[in-house]
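Structure first, commentary second.
If you're wondering where the values come from, they're calculated on a predicted model, not measured in any experiment. So that the names make sense, note that chain A is the first sequence line, chain B the second, and so on, each numbered from 1.
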2 protein chains.
Amino acid sequence: MMTIGKLSVTAGVKVPTIRYYEDIGLMPEPERTEGNQRRYVRAHLERLNFIRHARDLGFSVEAIRDLLSLQATPDAPCHDADRIAADNLADVRAKIARLKKLEAELEHIVSECAGGRAGECNVLATLADHALCMTNHGHANNALDNGSV
Amino acid sequence: MMTIGKLSVTAGVKVPTIRYYEDIGLMPEPERTEGNQRRYVRAHLERLNFIRHARDLGFSVEAIRDLLSLQATPDAPCHDADRIAADNLADVRAKIARLKKLEAELEHIVSECAGGRAGECNVLATLADHALCMTNHGHANNALDNGSV
DNA sequence: CCTAAATCTCTAAAGACTAGAGGTTCAGGA
DNA sequence: TCCTGAACCTCTAGTCTTTAGAGATTTAGG
């Protein structure tokens with residue numbers, strides 16, 4: 001029997017976040033004391049660990065919902081879970097590729113900025129002029145959006 | 001003289017986003033026709049390109065605001081712009097490092113999933129049990145939050 | 001029993017947009 | 001010149017995943 005504070009510390013998830021997960025149905029409603037305070041058992045901790053871990057790995061809340069429902073029916077084929085993870089892997093690789101280009105560009109910018117005046121500064125010049133751009137970081141804006149990965 | 005639609009297509013920024021940038025002061029208020037429609041000139045396109053480019057590179061709106069103000073005073077030392085870019089570079093590197101761990105873990109998970117049942121699936125097992133975790137993707141939740149990079 | 005810490009609910013904010021409603025203006029063709 | 005349909009206008013409200021605070025209540029330890 002854990003309080004929400006204990007659960008929070010143990011799982012590494014902030015208290016309001018736990019309540020939020022309950023709101024959106026990721027966490028079940030736990031039992032309450034007579035004074036209406038939440039009391040959790042070990043199953044809750046495990047589930048919350050699962051959720052936090054999956055969030056850390058970049059899974060969306062929707063994907064986690066799917067995974068949790070799979071977990072609830074252990075006889076189902078794991079094909080779906082596999083697909084969810086594979087999709088995520090593709091995403092992650094795309095993000096890495098994009099960030100590496102970005103890193104190269106920023107390195108270039110920073111190393112060249114030798115403390116001159118803004119008028120000659122590469123940061124500004126590079127950002128202002130696409131023609132100076134080393135790499136093609138295109139308009140695929142969603143590739144790295146919705147962060148929390 | 002461009003309409004907002006033309007500007008949108010040319011710069012690769014959605015129309016409501018342009019208006020939003022105007023609201024928050026990233027874009028100046030352009031001239032209007034007698035019928036109250038916005039009309040942009042080339043300077044607007046360049047500024048919007050600057051903004052989009054910087055957003056693509058992971059700069060926050062606040063950082064962009066700083067950069068834009070630096071750009072407006074080209075005699076100022078570029079030290080600030082340099083710092084902003086350097087800060088961003090550190091961020092980008094942290095993101096890359098984290099995503100690489102994540103990639104390794106997902107590769108591990110996916111490759112081991114041989115189409116069994118969910119009860120034995122590594123995706124679920126790995127997510128459920130921290131002890132099976134290959135890497136320490138810690139609780140530094142903000143490292144990759146606020147995406148759009 | 002008392003008190004301080006933790007909990008409760010509820011509302012609102014963050015960032016960076018995006019979507020829709022309901023109305024107006026513009027440009028090209030008949 | 002008029003018409004029509006696409007594009008524009010403002011305004012409100014929603015997205016997503018939390019996080020922070022206010023004000024009230026409960027709990028556990030001494």
Side-chain angles (χ1 to χ4, degrees), chain A residues 1-27 29-40 44 48 51-65 68 91 139-149, chain B residues 1-27 29-40 44 48 51-66 68 88 91 139-149:
Chain A
M1 282 306 192
M2 264 183 278
T3 65
I4 197 170
K6 185 77 188 336
L7 180 66
S8 167
V9 171
T10 313
V13 175
K14 295 204 173 110
V15 168
T17 305
I18 295 171
R19 293 200 269 247
Y20 166 71
Y21 286 159
E22 187 180 320
D23 276 357
I24 64 171
L26 274 194
M27 287 292 287
E29 296 181 19
E31 297 200 0
R32 303 279 186 131
T33 63
E34 298 204 357
N36 200 35
Q37 296 194 356
R38 292 167 179 82
R39 284 302 116 95
Y40 296 94
H44 291 112
L48 188 54
I51 294 169
R52 182 183 71 67
H53 204 185
R55 290 291 299 133
D56 279 356
L57 285 170
F59 287 86
S60 74
V61 165
E62 279 320 300
I64 293 172
R65 217 187 285 278
L68 284 168
D91 262 17
H139 294 196
N141 290 317
N142 282 336
L144 276 170
D145 281 1
N146 147 275
S148 78
V149 176
Chain B
M1 282 305 193
M2 264 183 278
T3 65
I4 197 171
K6 185 79 187 338
L7 180 65
S8 167
V9 172
T10 312
V13 176
K14 294 202 175 111
V15 168
T17 304
I18 295 171
R19 293 199 271 245
Y20 167 70
Y21 285 159
E22 188 181 321
D23 276 358
I24 64 172
L26 274 195
M27 287 292 288
E29 296 179 20
E31 297 200 359
R32 303 279 186 134
T33 62
E34 298 204 358
N36 201 35
Q37 296 194 355
R38 292 168 178 82
R39 285 301 116 98
Y40 295 95
H44 291 112
L48 188 54
I51 294 168
R52 183 182 72 65
H53 204 184
R55 291 289 302 128
D56 279 356
L57 285 171
F59 288 86
S60 74
V61 164
E62 279 320 300
I64 294 171
R65 214 188 287 277
D66 288 351
L68 284 168
N88 218 264
D91 262 16
H139 295 194
N141 290 316
N142 280 337
L144 276 170
D145 283 1
N146 148 274
S148 79
V149 175

>> What is the distance, to the nearest angstrom, from the CD atom on E22(B) to the P atom on dC8(D)?
In response: 14 Å
>> Testing the basics here: between V15(B) and G5(B), what is the closest heavy-atom pair and its distance to 0.1 Å?
In response: CG2-CA, 4.1 Å
> Is there a donor-acceptor pair under 3.5 Å between the side chain of T10(A) and the backbone N or O of K6(A)?
Replying inline: yes
> OP1 or OP2 of dT17(D) sitting under 4.0 Å from any side-chain N/O of T17(A)?
Replying inline: no
> Atom CD1 of I18(B) to atom C1' of dT10(D): distance rounded to whole Å?
Replying inline: 16 Å
N/O donor to acceptor pairs below 3.5 angstrom from side-chain atoms of residues 30-39 of chain B, sequence neighbours left out:
residue: R32(B); atom: NH1; partner: N36(B); partner atom: O; Å: 2.9
residue: T33(B); atom: OG1; partner: G35(B); partner atom: N; Å: 3.2
residue: T33(B); atom: OG1; partner: N36(B); partner atom: N; Å: 3.3
residue: T33(B); atom: OG1; partner: Q37(B); partner atom: N; Å: 3.0
residue: Q37(B); atom: OE1; partner: R39(B); partner atom: NH2; Å: 2.8
residue: R38(B); atom: NE; partner: E22(B); partner atom: OE1; Å: 2.8

>> Rounded to whole Å, how long is the line connecting atom OH of Y21(B) with atom P of dG15(C)?
In response: 14 Å
>> Using 0.5 Å steps for rounding, measure from the CD1 atom of I64(A) to the CD1 atom of I24(A).
In response: 8.5 Å
>> Tell me the interatomic distance from I51(A), atom CD1, to dT17(D), atom P, rounded to whole angstroms.
In response: 12 Å
>> Can you tell me how far apart CD1 (I4(A)) and CG (L48(A)) are? Round to the nearest 0.5 Å.
In response: 9.0 Å
> If you check the V61(A) side chain, which of dT18(D), dA16(C), dT18(C) turns out closest?
Replying inline: dT18(D)
>> Less than 4.5 Å apart, side chain to side chain, heavy atoms only: is that true for Y40(B) and T3(B)?
In response: no
> Under 4.0 Å between a side-chain N/O of T33(A) and OP1 or OP2 of dT27(D), yes or no?
Replying inline: yes
> Could you state the interatomic distance from CZ (R52(A)) to OH (Y21(A)), rounded to the nearest 0.5 Å?
Replying inline: 9.5 Å
>> Rounded to whole Å, how long is the line connecting atom CD1 of I24(A) with atom C1' of dG14(D)?
In response: 16 Å
>> Rounded to whole Å, please give me the gap between CD in E34(A) and P in dA28(D).
In response: 11 Å
> What one-letter contact string describes nucleotides 6-11 of chain C from 5' to 3', where B marks a base within less than 4.0 Å of any protein heavy atom, S marks contact via sugar-phosphate atoms alone, and - marks no contact?
Replying inline: -SSB--
> In whole angstroms, how far is the C1' atom of dG20(C) from the NZ atom of K14(B)?
Replying inline: 15 Å
>> Output the rounded distance in Å from CE (M27(A)) to C1' (dT18(D)).
In response: 16 Å
